[in-house]
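Notes to accompany the following structure.
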Amino acid sequence: MKTFYFIILSILFLTTGTIISQSFTKITTGAIVNDGGWSYACCWADFNNDGKPDLFVCNNQTGNKNNMLYMNNGDGTFTKVTTGVVVTDGGSSYGCTAADFDNNGTIDLFVANYGENNFLYSNNGNGTFTKITTGAIVNDGGNSTGCAWADYDKDGYVDLFVCNRNQPNFLYHNNGNGTFTKITTGAIVTNNSNSGGCAWADYDNDGYPDLFVANAGPAADFLYHNNGNGTFTQITNDPVVNDVINSSGGSWGDYNNDGYPDLFVTGGVIGTTNDRLFLNNGNGTFTKILNDPIVNVNHWAGGSSWGDFDNDGWLDMFVGGYDGLNLVFKNNANGTFSSIDTGILVTDGNYKEAAGWCDYDNDGYLDIFTARNNYFGGNNCLYHNNGNGNKFINIKCVGMVSNKCGIGAKVYVKAVIGSGSIKQMREISSQTGGAISGENCLNAVFGLGNAAIIDSVIIKWPSGIVDKYAQIQPNQFLTAVEGQSINKIIKQNSNIPEKYSLSQNYPNPFNPTTNIQYALANSSFVKLVVFDALGREIETLVNEKQSAGTYIAAFNSSRYPSGIYFYRLTAENFSNTKKMLIVK
């Protein structure tokens with residue numbers, strides 16, 4: 001294992017390439033695709049902490065209701081787990097979601113059941129689980145389907161939302177001691193509809209996760225804005241919630257790379273509605289896309305999920321076909337999509353309930369699993385991505401002040417791809433697969449096309465800490481630990497200073513790190529750059545618009561020799577340069 005500011009889990013082949021066609025191979029051997037079952041949901045997660053994503057599948061087959069867990073062997077195959085409560089409990093299971101709810105470094109599991117109590121399993125640290133049997137979270141009963149974790153009050157612990165059919169939904173606040181408190185007030189838990197799928201995302205970029213809930217209806221869907229004080233406001237006048245139709249689920253993803261998550265909603269019953277795509281306007285509202293191949297199909301959709309399957313730097317969309325063929329849409333990088341009409345990923349449809357992207361064999365390309373309702377025939381499906389030479393970066397986020405899985409963290413990657421600079425964003429989410437339930441791997445995965453270098457990686461954690469990494473080589477699997485970046489930018493307070501200023505770094509002299517404090521009197525585009533004694537720019541610490549306030553940027557000199565260096569801040573009409581000394 002090699003450490004270079006990130007903990008590098010593995011470095012794969014370094015290649016160059018242009019955007020070419022994409023193909024998948026259907027996996028046909030192994031229990032993971034031959035078990036059968038009445039499967040409704042799936043989630044990818046590294047349950048035994050060996051660096052390889054494993055797979056949990058909800059099963060609701062009459063006479064054989066056991067759920068299924070497959071451990072990744074690291075060679076492209078999986079071993080089915082046959083002992084332990086997770087796979088012997090039975091249960092009329094419809095949804096699942098994975099996260100580290102007790103922040104002990106291992107990923108736990110919640111399972112939503114229809115017509116009986118739900119399941120919560122605490123990970124023992126070795127891929128086995130202990131069933132939680134006390135508390136409302138596992139004793140409420142109900143007609144539960146979809147479910148998703150998110151730290152809605154940003155206290156460092158993930159909370160849980162659960163969808164119910166024809167009864168109010170559930171919201172459980174994590175008390176931070178292994179227990180939960182059921183929230184009983186507010187529209188988010190008193191609205192009564194035929195809710196199926198749900199997904200969290202901070203759609204207005206105010207730092208707090210908001211919630212979309214799909215209703216099978218026919219009824220309007222729910223969108224709840226997080227007020228930042230533990231309460232939510234139901235949005236009642238926006239294209240996202242104006243249609244009274246049948247929906248099966250929603251998937252958030254920034255498909256146009258503007259830094260705001262957009263929303264794709266799948267139709268729940270054939271003949272009643274098309275799938276829908278809502279473009280985030282960046283001001284808390286959405287525009288419904290009315291004319292594009294991605295919204296021109298009237299079908300009964302299964303799971304949907306965003307993923308850059310061709311690694312070109314733009315999110316594509318997979319939609320499972322419940323009543324027919326699957327749908328695959330390639331992002332044209334201009335706000336439109338092209339429908340892919342050939343290949344096994346398209347033609348192998350029918351009764352696909354959930355979908356989840358994950359690079360299960362760590363070759364740099366997203367593969368996809370689909371849960372299938374075998375009541376009508378057919379096993380679950382796993383499709384291996386054959387790759388195309390485009391580059392990637394795969395980032396695991398580990399929270400220290402934030403929740404351990406980094407759920408809610410926003411990861412920004414900037415690189416020159418082709419002839420232009422592209423800045424992509426991923427928000428770490430516990431529910432990404434549309435329909436009732438489907439969870440992509442918790443890592444943030446980016447396609448990089450032919451990029452020679454990653455200019456910057458910026459991680460904005462739920463805690464407010466911002467980590468920044470510069471000049472990163474592509475084609476890596478990396479682990480980013482909160483607060484341990486090369487250069488950290490922390491907003492110290494929200495008080496607006498009277499003037500712009502740049503302070504002397506401290507400590508000085510230093511080795512290897514020092515802090516540089518600066519103050520902004522107004523919201524400004526800020527650039528903070530480090531130069532060597534010859535005036536050569538060696539590091540860009542800040543290069544973005546920031547609101548008024550006082551900031552601290554950390555500079556790590558590990559890769560530079562002893563000597564005199566300079567740092568310069570420019571913001572609005574202000575510019576100042578100071579000297580610092582590295583001593584080794």
Side-chain angles (χ1 to χ4, degrees), residues 9-10 12-13 15 17 19-27 32-33 42-46 51-55 72 74 76 78 251-255 257 264 303-320 326-331 333 337 340 343-346 348 352 354-371 380-397 411 413 417 422 424-434 438-449 451 474-478:
L9 299 179
S10 61
L12 300 184
F13 54 92
T15 59
I19 299 173
I20 58 178
S21 60
Q22 201 60 35
S23 65
F24 290 79
T25 296
K26 184 177 181 179
I27 303 301
I32 196 170
V33 293
C42 60
C43 65
W44 291 99
D46 182 7
K52 301 181 288 290
D54 312 302
L55 180 70
N72 193 327
F78 294 80
S251 298
W252 295 97
D254 180 16
Y255 77 84
N257 285 341
F264 182 82
S304 65
S305 192
W306 297 102
D308 184 4
F309 61 71
D310 54 1
N311 279 6
D312 67 349
W314 300 85
L315 285 175
D316 311 297
M317 171 56 70
F318 172 88
V319 184
N326 299 322
L327 305 177
V328 179
F329 299 99
K330 175 176 170 49
N331 194 325
F337 293 84
I340 305 300
I344 190 66
L345 199 58
V346 176
D348 193 33
K352 299 297 180 67
W357 292 101
C358 182
D359 182 9
Y360 73 83
D361 58 348
N362 286 352
D363 66 352
Y365 298 93
L366 287 173
D367 314 297
I368 193 166
F369 178 88
T370 58
N380 297 324
C381 299
L382 178 62
Y383 306 95
H384 177 259
N385 191 328
N386 297 323
N388 61 10
N390 282 343
K391 299 179 185 180
F392 69 93
I393 190 165
N394 186 314
I395 302 172
K396 176 183 177 180
C397 292
V411 185
V413 168
I417 301 175
I422 296 176
Q424 306 176 57
M425 186 274 286
R426 303 283 188 271
E427 184 172 343
I428 307 300
S429 173
S430 69
Q431 201 59 258
T432 50
E439 182 174 343
N440 295 351
C441 186
L442 286 166
N443 291 15
V445 182
F446 298 84
L448 295 169
N475 287 356
Q476 296 190 44
F477 285 76
L478 309 173

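Computed from heavy atoms alone, side chains included, the values below leave out hydrogens, waters and symmetry copies. Here the structure is a predicted model, which means the values were calculated and not measured.
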Problem set entry | Student check: side-chain heavy atoms of Val33 and Lys26 closer than 4.5 Å |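 The answer is no, as the side chains (C-beta and beyond) never meet within the 4.5 Å cut-off.
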Exercise. Is there a side-chain contact between Phe309 and Ile368, using heavy atoms and a 4.5 Å cut-off?
Worked result: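 Side-chain contact under 4.5 Å: no.
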Exercise. Taking the six-membered ring for Trp, are Phe337 and Trp306 parallel (under 30°), tilted (30 to 60°) or perpendicular (over 60°)?
Worked result: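 Correct class here is tilted.
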Exercise. Going by the angle between their ring planes, with limits at 30° and 60°, are Phe78 and Tyr360 parallel, tilted or perpendicular?
Worked result: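 The arrangement is tilted - the two ring planes meet at 30° to 60°.
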For this session: Can you spot which of Asp312, Asp310, Asn390, Asn385 makes a side-chain hydrogen bond (donor to acceptor under 3.5 Å, both in side chains) with Gln22?
Result: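 Checked Asp312, Asp310, Asn390, Asn385 against Gln22; only one passes side-chain hydrogen bond (donor to acceptor under 3.5 Å, both in side chains): Asn385.
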Exercise. What's the verdict on side-chain contact (heavy atoms from CB on, under 4.5 Å) for Thr370 and Phe318, showing C-alpha distance, side-chain angles and the deciding distance?
Worked result: CA-CA 10 Å; Thr370 58; Phe318 172 88; 3.6 Å; yes
[atom1]-[atom2] distance between [X] and [Y], expressed to the nearest 0.5 angstrom:
| X | Y | atom1 | atom2 | result |
| --- | --- | --- | --- | --- |
| Asn388 | Ser23 | CG | OG | 9.0 Å |
| Phe392 | Asn475 | CZ | CG | 4.5 Å |
| Ile344 | Cys381 | CD1 | SG | 8.0 Å |
| Trp314 | Tyr255 | CH2 | OH | 10.5 Å |
| Ile417 | Ile422 | CD1 | CD1 | 4.0 Å |

Problem set entry | Among Leu366, Asn331, Val328, side-chain contact (heavy atoms from CB on, under 4.5 Å) partner for Asp316 |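 For Asp316, the side-chain contact (heavy atoms from CB on, under 4.5 Å) test succeeds with only one of Leu366, Asn331, Val328, which is Asn331.
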Exercise. Testing Asp359, Ile395, Ile393 for side-chain contact (heavy atoms from CB on, under 4.5 Å) with Phe477, which one passes?
Worked result: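 For Phe477, the side-chain contact (heavy atoms from CB on, under 4.5 Å) test succeeds with only one of Asp359, Ile395, Ile393, which is Asp359.
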